[in-house]
Structure formats: C-alpha cells, structure tokens
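Data block below; observations after.
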Amino acid sequence: MGKYQEVFDRSVQDPAGFWGEAAEAISWYKKWDKVLDDSKAPFYKWFVGGELNTCYNALDRHVEGGRADQLAVIYDSPVTDTIQRFTYREFLDQVKQVAGALKGMGVGKGDTVVIYMPMVPQALMAMLACARLGAIHSVVFGGFAPKELAIRIDDAKPKVMISASCGIEGKKIIAYKPLLDKAIDLATHKPEKCLIYARPQVQAELTAGRDFDWEQTAKAATPADCVPVKATDPLYILYTSGTTGMPKGIVRDNGGHAVSLYWSMKNIYNIAPGDVYWAASDVGWVVGHSYIVYAPLIYGATTIVFEGKPVGTPDPGAFWRVISQHGVKVLFTAPTAFRAIKREDSKGEYLKKYDISNFKCLFLAGERTDPDTYHWAVDLLQRPVIDHWWQTETGWAIAGNCLGIEHLPVKAGSPTKAIPGYDVRILSADGQEAPRGNPGVVTVKLPLPPGTLPTLWNADERYLNSYTRVFPGYYFTGDEGYMDTDNYVYIMGRVDDVINGAGHRLSTGAMEEVIAQHPDVAECAVIGAADNFKGQLPVGFVVLKAGVQRAPEEIKKELVQMVRDQIGAVASFKEATIVPRLPKTRSGKILRGTMRKIADAAAYTVPSTIDDPTSLDEIKMALLSIGYAQAQQ
Ligand code: COA
Ligand code: AMP
C-alpha cells in the first residue's frame with residue numbers, strides 16, 4: 001500500500017486520533033477535552049474545550065520562536081510600483097496597533113467587523129487584528145457593489161467596518177469610500193464606526209464621529225494583546241454565492257481551522273516553514289483567507305500580497321517576475337489566470353526573461369483545470385501542475401495530489417484523489433453509491449475534517465437544508481462528477497445555480513432577481529455558459545411583458561447596467577437575449593440544465609416533461625444570434 005493510501009485510511013478510520021496528533025503543531029492556551037464532538041450531528045465540533053488565539057499562532061509565536069526577523073509578508077504592487085517587506089516582528093507590531101485601535105473603537109470578543117479592502121497588507125493586518133481580539137471578521141470582495149455589501153452588513157451586523165480610500169484594478173482606480181457610504185445608507189443595520197486606510201491615490205471624505213483614519217488611530221492606540229478564544233468560537237464569516245440573492249454566511253471556527261491549515265502546508269503543498277508561498281488570489285475569496293493570510297503565517301512561511309493581474313500589470317511576465325524576484329516555491333492560482341497568460345504569450349517568451357529556478361510547483365483551483373491549460377502549463381514550466389478541488393465551505397482542498405505525502409501520477413482533467421480527512425463518495429439520485437465511472441452527485445461522508453464549516457451564520461436550518469438533508473449522513477457539495485477505478489475524482493460542474501467565472505463564484509439566481517426588477521421584464525432565466533477564457537460566463541434570457549415595443553438592444557444595455565450596479569462588475573454579466581418564452585416542464589420548472597447544454601453545444605435529450613419542445617428551438621436561435629451554440633449549426 002502506498003503512503004497516501006495509508007494516511008488516507010487512517011484519517012477516515014480514526015479521525016479523532018489523526019487530527020488530535022495534527023493539533024499538537026498548534027499552540028494552545030488550553031488543550032481540548034475532546035477532539036471530535038458528534039453528539040449533535042450533523043453539527044460537528046472539533047477540539048471542544050480547547051482554547052487558543054489564531055493571531056498568536058500566526059504571528060506572536062513565530063516572533064517568540066526565532067522567526068522575528070524572517071519575512072512574513074511581501075507586498076508586491078505593480079499597479080503602484082511598490083514593493084514592501086515586513087518581518088514577522090514588524091508585522092506583529094503593526095497588527096498589535098491596529099488591534100489596539102479596534103479595541104479603542106469598542107471591538108471585543110464575539111463582535112463582528114466587516115472588512116472591505118483592496119489587496120494591501122493592511123487588509124491582512126485588519127483580519128489578524130480582529131482574530132487577536134477574538135472578534136469575528138467578514139471580508140467582502142472589493143468587486144461587489146454597495147447593495148451586495150449592504151446585504152452582508154445586514155446579516156453580519158458589524159460593530160465596526162474597515163475599508164480603504166481606494167482599490168486599484170489594473171489601470172482603474174476605484175474609490176471605495178463612496179461605495180462604503182452607499183452600502184451603509186442602504187443597510188438597515190448601521191455600524192457604529194469605520195476605520196479607513198488612506199491611500200495616496202484617492203482622498204476619502206471622513207464623516208466626523210463615525211469614520212476614523214487608520215494611520216492616526218493605530219499610531220495613538222495602546223497595543224493590544226491576544227484574547228484566548230474557544231476552539232469552536234468563530235474566527236470569521238465569509239459570504240459565498242448560493243442559489244438565491246441571499247448569500248450563505250460560511251462560518252469558520254478557530255481551532256479546526258488552525259489545525260487543518262497547518263497540516264495542509266506540508267502535506268498538500270510540500271513546503272517548509274521559511275519558504276515563500278504565493279496564492280495569487282484576493283483576500284475577499286476563501287483562497288485569500290486560507291492561503292494568502294492564515295495558512296502561510298500559521299506555518300511560519302512568507303506570504304505574498306500581490307496587487308496586480310496576470311496580464312497587463314504590465315505584461316504577461318508579471319507572475320514570472322514575482323516568482324523570480326521573491327524566490328517563490330509554490331504558486332497557487334486559478335486556471336483562468338494561466339489562460340490569460342497563454343492568450344497573450346502562448347510561446348512563453350516572457351518566461352525566458354526570468355530565473356525561476358527556486359520554483360517547485362503550480363497549484364490550481366477555483367474551476368476545473370482543463371487538459372489544454374494543464375498541458376500548456378506543464379510544457380511551459382517543466383514542473384508539476386496540480387489541480388485541486390475545494391470550496392468556500394470547506395476552506396481547504398477536498399481532492400488533490402498531496403505532494404508532501406506521496407506524489408501520485410497526474411491524470412489531466414482530474415484533481416487526483418480525496419485528501420485525507422475527506423471520505424468522498426459519488427451518489428446517484430436514490431442515495432446509493434454510483435458504480436465507478438458513473439456520474440453522480442459528489443458528497444463527503446460525514447464528519448467533514450476540521451476547518452470546514454460547522455454551520456452557516458445565524459442559519460442552522462439553511463445549513464441543514466443546503467448540505468446535510470439532501471443525503472443524510474453525507475455533506476452535499478453541489479458538484480457533480482465521478483470517480484474512476486483508481487479512485488481519481490472528476491468534477492464536472494455544479495448541479496445548482498452557482499457558476500464560476502474567472503475563478504469567482506457567482507449566483508445566477510441572484511442575477512435573475514436583479515433582472516426581474518426591470519419594468520419591461522415578465523420572466524427571465526440566467527445560465528452559466530462555457531467560455532474559453534473565463535471558464536463560465538452568465539447569459540440572460542428575457543421574456544418581455546406584452547406590449548413592450550422598445551428596442552431589444554436598449555433593454556439589454558439596461559439589464560447589463562442593473563446587474564453591474566446591484567451585484568458588481570465581478571458578475572461579468574454582459575450578454576442578454578430576448579426570447580418569446582422560456583422552456584419549461586408542464587409543472588412550470590424552467591429547464592435551465594437543457595438551456596445550458598444547448599449554449600455549450602453539448603448533446604442533450606428533450607425532457608419528456610417538457611411543455612412545448614419548440615421552445616428549445618427558440619432558445620437555440622437566440623443563442624446562435626449572440627455567438628453561442630455554434631456547434632449545433
Ligand atoms: N474590485 C473592483 N472591481 C473588480 C475587482 C475588485 N477587486 N476584481 C475584479 N473587478 C472587476 C474587473 O475590473 C472587471 O471589470 P470590467 O467589467 O469593468 O472590466 C470585472 O470585475 C470582471 O473581473 P474579472 O472576471 O476578474 O475579469 P478581468 O478581465 O478583470 O480579469 C483575470 C481576468 C483572469 C485576469 C482575473 O480574473 C484573474 O486574475 N483571475 C484569476 C485569479 C483569481 O483571482 N482567482 C480567484 C480564486 S483563486
Ligand atoms: P468557491 O466556493 O468559490 O471556492 O467555489 C467552489 C466551487 O468551484 C466548487 O463547488 C466547484 O464547482 C468549483 N471548483 C473549485 N475548484 C475546482 C476544481 N479544481 N475543479 C473543478 N471545480 C472546482
């Protein structure tokens with residue numbers, strides 16, 4: 001039996017023993033009484049009775065343990081032409097001040113703080129300062145519009161908000177403060193105070209009595225110490241797209257999170273403390289939470305905060321420049337970033353300018369790594385390229401190739417095998433395990449390992465309905481796929497109304513809710529259609545109210561603007577088409593799955609329950625008119 005199989009078997013046969021041992025790597029104020037409490041299953045608790053502080057584990061203990069002068073964070077910002085390096089000691093000193101500032105603003109253990117920040121080191125400081133105080137942060141991605149921010153404010157009810165005067169998106173400067181003010185106006189819940197980091201590019205208007213300048217407040221503050229919290233206390237809430245306009249507030253606890261992320265750095269990514277690890281993502285996404293901030297720091301590695309893009313900042317050599325300049329060992333990004341580079345530099349000419357000899361491995365996630373991108377990246381880099389599959393809910397990978405345990409052969413198109421801790425099973429609609437090779441819903445036999453969601457924020461019922469009631473005893477991932485006879489997992493896509501565009505998770509249901517508000521729209525459906533560059537892009541189908549005579553182009557423009565204003569630019573909603581009706585079953589269910597297949601020019605069968613099959617021809621015509629469904633011609 002190979003090493004991977006041995007470790008995997010132990011993890012599922014004796015989860016308490018396995019994770020209890022892993023937890024020894026973390027510093028605890030008080031050790032746990034019980035590793036796994038399943039007395040209220042399917043609500044599982046890890047390390048019950050344990051007490052720790054996540055910020056202590058990420059910073060203080062490295063300073064105390066000999067890493068004070070090692071680099072903790074490198075800020076590399078081609079958009080502002082800045083490179084800034086912070087040792088563990090320097091970063092800790094700043095975090096202590098920010099935590100002191102937040103404490104002075106009334107933030108304490110159990111309070112919530114919403115963070116709306118661009119990719120600057122202050123975003124990490126804000127998160128760690130909350131963790132230091134035992135406060136619960138909720139970071140909102142900068143590409144979301146004020147209304148989306150307002151929805152999250154109303155759900156998380158922050159005492160304080162933290163933001164910056166602006167973000168810089170390639171060549172665009174985006175003033176954040178007006179967006180923050182608008183979100184607070186729209187929200188029913190009003191945060192008491194805001195802490196604003198002033199960037200030189202834009203000056204933010206501060207509201208007297210409510211808004212405080214980051215620099216001044218942090219400088220004047222008394223440095224704050226770590227507050228011990230329970231292992232099961234929430235560290236953060238991260239909202240992610242569900243099937244409706246109301247996002248799901250994924251809760252992450254302190255103890256299981258620290259244990260699993262520490263474990264993952266050696267076992268999955270095979271790096272050592274002191275190595276430079278770079279996740280080219282954004283702190284607004286789960287990849288940013290886990291692998292820009294917490295895992296590298298808890299592990300004692302050096303992390304990179306990159307404020308740039310794979311292309312255009314200034315060229316498709318940006319990633320190679322960062323890898324070479326900072327000695328990056330492992331890069332983690334989304335396949336779409338590599339497609340972006342390939343589109344502009346298919347022969348890899350820019351790579352030739354840099355020495356990337358320290359670089360060991362590329363990890364990809366966020367969407368399936370298609371075989372073309374996989375082979376292109378391997379040929380170019382001449383290093384392992386590892387696809388791994390995970391979700392905001394789990395916080396770390398469910399399937400992957402654990403390089404620190406055993407480098408298994410790669411099969412292009414598969415994220416390899418279940419990671420230790422995740423007992424992945426493919427189930428058919430009747431709840432029975434699907435035979436090898438047959439597609440089904442991808443589930444994980446409960447319990448999930450530490451670090452995964454214990455529940456949804458203030459929504460236990462929604463947690464049960466979304467994840468554990470579909471197949472009792474199993475966690476429902478929302479993905480479909482299959483396992484081959486070697487136990488390699490293949491992820492084919494979502495079974496719900498969630499899509500992944502450019503590695504960003506979006507809800508087509510939320511877009512439908514926006515479009516339905518247009519006065520001329522009677523009915524609509526949004527599907528995710530395959531896109532060669534971004535993986536998937538939303539396409540809207542709209543039925544107009546009787547008697548509407550306006551030009552379709554004009555209506556389409558308004559719909560695109562509405563989604564941009566209400567959800568944000570990140571929705572990438574650019575295509576809408578008007579159809580006489582939507583294809584439905586006789587009971588009125590819109591046939592989105594069939595529409596998606598038509599858009600992707602994939603084979604489909606006309607459902608026997610369809611009300612009128614000619615409605616599918618109308619969809620095909622509409623899609624052809626906007627450049628989709630081409631292979632059907
Ligand atoms: N703040 C404000 N706006 C943002 C934003 C942010 N943080 N992030 C994205 N946007 C905007 C973009 O500027 C773009 O606006 P536009 O419609 O006016 O051009 C829109 O949202 C769509 O963004 P995106 O889908 O990211 O497309 P892009 O063309 O700007 O960039 C890639 C494409 C592939 C280069 C980029 O998405 C990328 O690097 N992705 C891979 C890495 C990653 O972040 N993965 C996340 C999970 S690992
Ligand atoms: P997010 O919560 O944003 O991380 O998105 C999670 C979803 O992205 C998963 O449910 C999958 O649909 C998709 N996804 C993430 N990584 C992969 C991968 N490596 N292969 C296939 N799909 C992936």
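Source: prediction; values computed, not measured. Whatever order the structure lists them in is the order used to number ligands and atoms, beginning at 1. Every heavy atom of this structure was used, including side-chain atoms; hydrogens, water molecules and symmetry mates were not.
For an aromatic pair to be called close, the ring centres must be under 6.0 Å apart, and H504 with F144 fails this. Ring centroid separation for the pair F363 and Y291 does not come in under the 6.0 Å cut-off. Taking the six-membered ring wherever Trp is involved, the centroid distance between the rings of W396 and Y422 falls below 6.0 Å. Taking the six-membered ring where the residue is Trp, the centroids of F319 and W278 are separated by under 6.0 Å.
Heavy-atom distances between G366 and ligand 2 reach below 4.0 Å in at least one pair.
When heavy-atom distances to ligand 1 are checked against a 4.0 Å cut-off, I174 comes that close only through its side chain, counted from C-beta outward. Residue-level proximity to ligand 1 for A569 is carried by backbone and side chain together, each with a heavy atom below 4.0 angstrom. Of the heavy atoms in F332, none comes closer than 4.0 Å to ligand 1. Looking at R494 against ligand 2, only its side chain comes within 4.0 Å, counting heavy atoms. The part of E367 lying near ligand 2 is the backbone, judged by heavy-atom distances below 4.0 Å. Within the 4.0 Å heavy-atom criterion, neither part of W285 lies near ligand 2. Contact annotation: for K171 versus ligand 1, there are no heavy atoms closer than 4.0 Å.
With no hydrogens or angles considered, no side-chain donor-acceptor pair links R321 and Y354 at under 3.5 Å. Between D155 and Y239, the side chains place a donor N or O and an acceptor N or O closer than 3.5 Å (distance only, hydrogens not considered).
With hydrogens left out, the protein atom closest to atom 32 (C) of ligand 1 is F533 CZ, 4.5 Å, a heavy atom. Regarding atom 5 (O) of ligand 2, its nearest protein heavy-atom neighbour is R505 CD, 3.5 Å. Among protein heavy atoms, atom 1 (P) of ligand 2 sits closest to T392 OG1, 3.4 Å. Considering only non-hydrogen protein atoms, atom 34 (C) of ligand 1 sits nearest to T336 OG1, 3.6 Å. Of all protein heavy atoms, the one lying nearest to atom 6 (C) of ligand 2 is W390 O, 3.5 Å. Among all non-hydrogen protein atoms, the one lying nearest atom 21 (C) of ligand 2 is R368 N, 3.2 Å. Nearest non-hydrogen protein atom to atom 22 (C) of ligand 1 is S572 OG, 3.5 Å. N500 ND2, 3.1 Å is the protein heavy atom nearest to atom 8 (O) of ligand 2. Protein heavy atom closest to atom 18 (O) of ligand 1, with residue, atom name and distance, is R564 NH2, 2.7 Å. What sits closest to atom 47 (C) of ligand 1 on the protein, heavy atoms only, is G503 O, 3.5 Å. Among protein heavy atoms, atom 37 (O) of ligand 1 sits closest to A502 CB, 3.5 Å. Nearest protein heavy-atom contact of atom 9 (C) of ligand 2 is D479 OD2, 3.2 Å. Looking only at heavy atoms of the protein, atom 31 (O) of ligand 1 is closest to K309 NZ, 3.8 Å.
At most 12 heavy atoms of other shown residues, nucleotides or ligands fall within 6.0 angstrom of atom CD in Q203. Within a 6.0 Å radius of NZ in K182, no more than 12 heavy atoms belonging to other residues, nucleotides or ligands are found.
Checking atom 12 (C) of ligand 1 against the protein gives a heavy-atom contact under 4.0 Å.
Residue A280 holds the heavy atom nearest to atom 42 (C) of ligand 1 of all those in G366, G143, A280. When A334, G312, P310 are checked for heavy-atom proximity to atom 38 (C) of ligand 1, P310 turns out nearest. Here atom 16 (P) of ligand 1 lies nearest to K172 when heavy atoms of R343, R339, K534, K172 are compared. Remark: among candidates H504, M119, E169, the nearest residue to atom 26 (O) of ligand 1 is H504, based on non-hydrogen atoms.
Heavy-atom minimum distance, I237 versus S138: O-OG, 3.0 Å.
Under the side-chain contact (heavy atoms from CB on, under 4.5 Å) test applied with I527, the options M511, K597, M595 reduce to a single match, M595. Here the options are V73, L331, V276, the test is side-chain contact (heavy atoms from CB on, under 4.5 Å), and the partner is I304; only V276 passes.
Each of the atoms 21 (C), 22 (N) of ligand 2 lies under 4.0 Å from some heavy atom of I491. In the vicinity of K574, heavy-atom distances shorter than 4.0 Å reach the ligand 1 atoms 17 (O).
Taking the six-membered ring where tryptophan is involved, the planes of F338 and W376 are perpendicular, since the angle between them exceeds 60° and thus also 30°. Relative ring orientation between H289 and Y236 is described as tilted, the plane-to-plane angle lying within the 30° to 60° band.
Taking the charged nitrogens against the carboxylate oxygens, D372 and K342 have no contact shorter than 4.0 Å, which rules out a salt bridge. Salt-bridge formation is detected for the pair D486/K411: a Lys NZ or Arg NE/NH1/NH2 atom is positioned less than 4.0 Å from an Asp or Glu carboxylate oxygen.
For the pair Q391 and ligand 2, the shortest N or O to N or O distance falls below 3.5 Å. At a 3.5 angstrom cut-off on N or O pairs, D387 counts as close to ligand 2. An N or O contact shorter than 3.5 Å is missing between W285 and ligand 1 by distance.
For the atom pair OG1 of T313 and NZ of K171, the computed distance is 8.0 Å after rounding to the nearest 0.5 Å.
Taking the ring axis of F533 as reference, the NZ or CZ atom of R343 stays within 45° of it and closer than 6.0 Å to the ring centre.
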